[in-house]
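As structure tokens, the structure follows; a few thoughts come after it.
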Amino acid sequence: MKKVILITLSLILITVPAFADFLDDFNRYADIHGIVPAKQFVSSDGSVYFMSDFVILTSEGNTVTVAGQDHIQTLAVACCALDSIDQKESYSESSGRIFVTYLDALKAEDKTAYSVLYGYIKIYVIIADDLILVNMVE
């Protein structure tokens, strides 16, 4: 039993620092923009995810995914997450691009849309039933 606990703790300690920068950056921007700060969680399979209110965030490598049921809240968290990974442009430009992509997804027959921000960040918005998913890839 002690071995299992030690292995689990060592995996968490190895995994957590990789996400510390994203979480710190996200929470700094969340505080500025009035969004609920994210908290870090570790699932039973060892993967790390974050929650800001009722919105789930994941950050793996150069990809950030934001998912939630409330469209406005999810879009706000996605804008804050985009600010966390791309600090070169203003919040209004980032949020504008996410919102335009969201509107394109609403109009699309398959409820998906894709855009490129600043030539290197790809933004995908998928609307399915009562869930909205925003995926940002650097």
Side-chain angles (χ1 to χ4, degrees):
M1 183 65 176
K2 287 182 185 179
K3 246 184 188 178
V4 172
I5 293 172
L6 287 174
I7 291 171
T8 304
L9 285 175
S10 65
L11 287 174
I12 291 171
L13 291 175
I14 291 169
T15 307
V16 170
F19 296 105
D21 290 339
F22 172 77
L23 184 61
D24 291 343
D25 289 343
F26 179 86
N27 284 338
R28 184 177 61 235
Y29 284 106
D31 186 48
I32 292 169
H33 300 299
I35 297 169
V36 175
K39 294 180 183 163
Q40 181 172 314
F41 297 92
V42 179
S43 67
S44 59
D45 67 354
S47 59
V48 176
Y49 66 96
F50 312 100
M51 287 201 67
S52 172
D53 213 2
F54 293 105
V55 179
I56 296 174
L57 297 101
T58 62
S59 174
E60 295 181 21
N62 62 350
T63 302
V64 173
T65 304
V66 180
Q69 291 183 324
D70 183 299
H71 290 211
I72 301 301
Q73 185 179 30
T74 304
L75 292 172
V77 170
C79 293
C80 189
L82 182 58
D83 249 7
S84 301
I85 61 171
D86 177 42
Q87 299 166 358
K88 297 176 185 117
E89 299 296 330
S90 72
Y91 183 79
S92 60
E93 290 181 69
S94 303
S95 57
R97 176 55 64 193
I98 289 175
F99 189 68
V100 167
T101 310
Y102 168 73
L103 292 175
D104 289 343
L106 280 177
K107 292 187 295 183
E109 189 174 312
D110 61 354
K111 300 294 184 199
T112 63
Y114 161 81
S115 67
V116 178
L117 183 62
Y118 318 122
Y120 66 95
I121 296 180
K122 297 171 192 85
I123 300 170
Y124 302 90
V125 175
I126 301 166
I127 303 169
D129 298 329
D130 62 345
L131 183 69
I132 178 173
L133 180 84
V134 180
N135 193 22
M136 296 162 279
V137 181
E138 255 186 300

Show your working on side-chain contact (heavy atoms from CB on, under 4.5 Å) between L57 and M51 and close with a plain yes or no. CA-CA 6 Å; L57 297 101; M51 287 201 67; over 6 Å; no
Look at atom CZ of F41 and say whether more than 12 heavy atoms of other residues, nucleotides or ligands are closer to it than 6.0 Å. yes
If you look at every heavy atom in S52 and I35, which pair is closest and at what distance? OG-CG2, 3.7 Å
Are the side chains of L133 and T65 in contact, using a 4.5 Å heavy-atom criterion? yes
Of I126, L75, V55, which is the lone residue that meets side chain to side chain contact (heavy atoms under 4.5 Å, CB included) with I132? L75
Taking C-beta and beyond as the side chain, do L106 and I127 meet within less than 4.5 Å on heavy atoms? yes
Quick check: is L82 connected to V36 through a chain of hydrophobic side chains (ILVMFWY, heavy atoms under 4.5 Å apart)? no
Side chains of K39 and F50: does their closest heavy-atom pair fall under 4.5 Å? no
According to salt bridge (Lys or Arg N to Asp or Glu O under 4.0 Å), does anything in residues 101-115 pair up with another residue at least two apart or in another chain? List the pairs. D104-K107
Heavy-atom closest pair, residues Q69 and T74: N-OG1, 4.1 Å
Considering all heavy atoms of both residues, which atom of V64 and which atom of N135 are nearest to each other, and what is their separation? O-OD1, 3.3 Å
To check you understand the geometry: which heavy-atom pair defines the closest contact between A81 and V66, and what is its length? CB-CG2, 4.2 Å
Minimal non-hydrogen separation, A108 against T112, with atom names: CB-O, 3.4 Å
Treating N62 as the side-chain partner and V137 as the backbone partner, does any N or O pair qualify as donor plus acceptor under 3.5 Å? no
Just how far is it from atom OG1 of T63 to atom NZ of K122, taken to the nearest 0.5 Å? 9.0 Å
Among the clusters formed by ILVMFWY side chains lying less than 4.5 Å apart, do L103 and V125 turn up in the same one? yes
Between F22 and Y120, is there a shared hydrophobic cluster once you connect ILVMFWY residues whose side-chain heavy atoms come closer than 4.5 Å? yes
Would you say V42 and I56 are hydrophobically clustered, going by side-chain heavy atoms of ILVMFWY under 4.5 Å? no
Does the side chain of I98 reach to within under 4.5 Å of the side chain of M136, using non-hydrogen atoms? yes
I72 backbone acceptor or donor facing D70 side chain under 3.5 Å: yes
Are F99 and I123 linked, directly or through intermediate hydrophobic residues, by side-chain heavy-atom contacts shorter than 4.5 Å (ILVMFWY only)? yes
Could you tell me if the side chain of V116 sits less than 4.5 Å from the side chain of I121, heavy atoms only? no
Checking S59, P37, C80 against F26 for side chain to side chain contact (heavy atoms under 4.5 Å, CB included), the one that qualifies is C80
Taking side chain as C-beta onward, heavy atoms only, is Y114 less than 4.5 Å from T101? no
Between OH on residue Y29 and CG on residue D83, distance to nearest 0.5 Å: 5.0 Å
The side chain to side chain contact (heavy atoms under 4.5 Å, CB included) partners of D45 (sequence neighbours excluded) come to S43, S47
Partner residues of Y102 under the side-chain hydrogen bond (donor to acceptor under 3.5 Å, both in side chains) criterion, sequence neighbours left out: H71
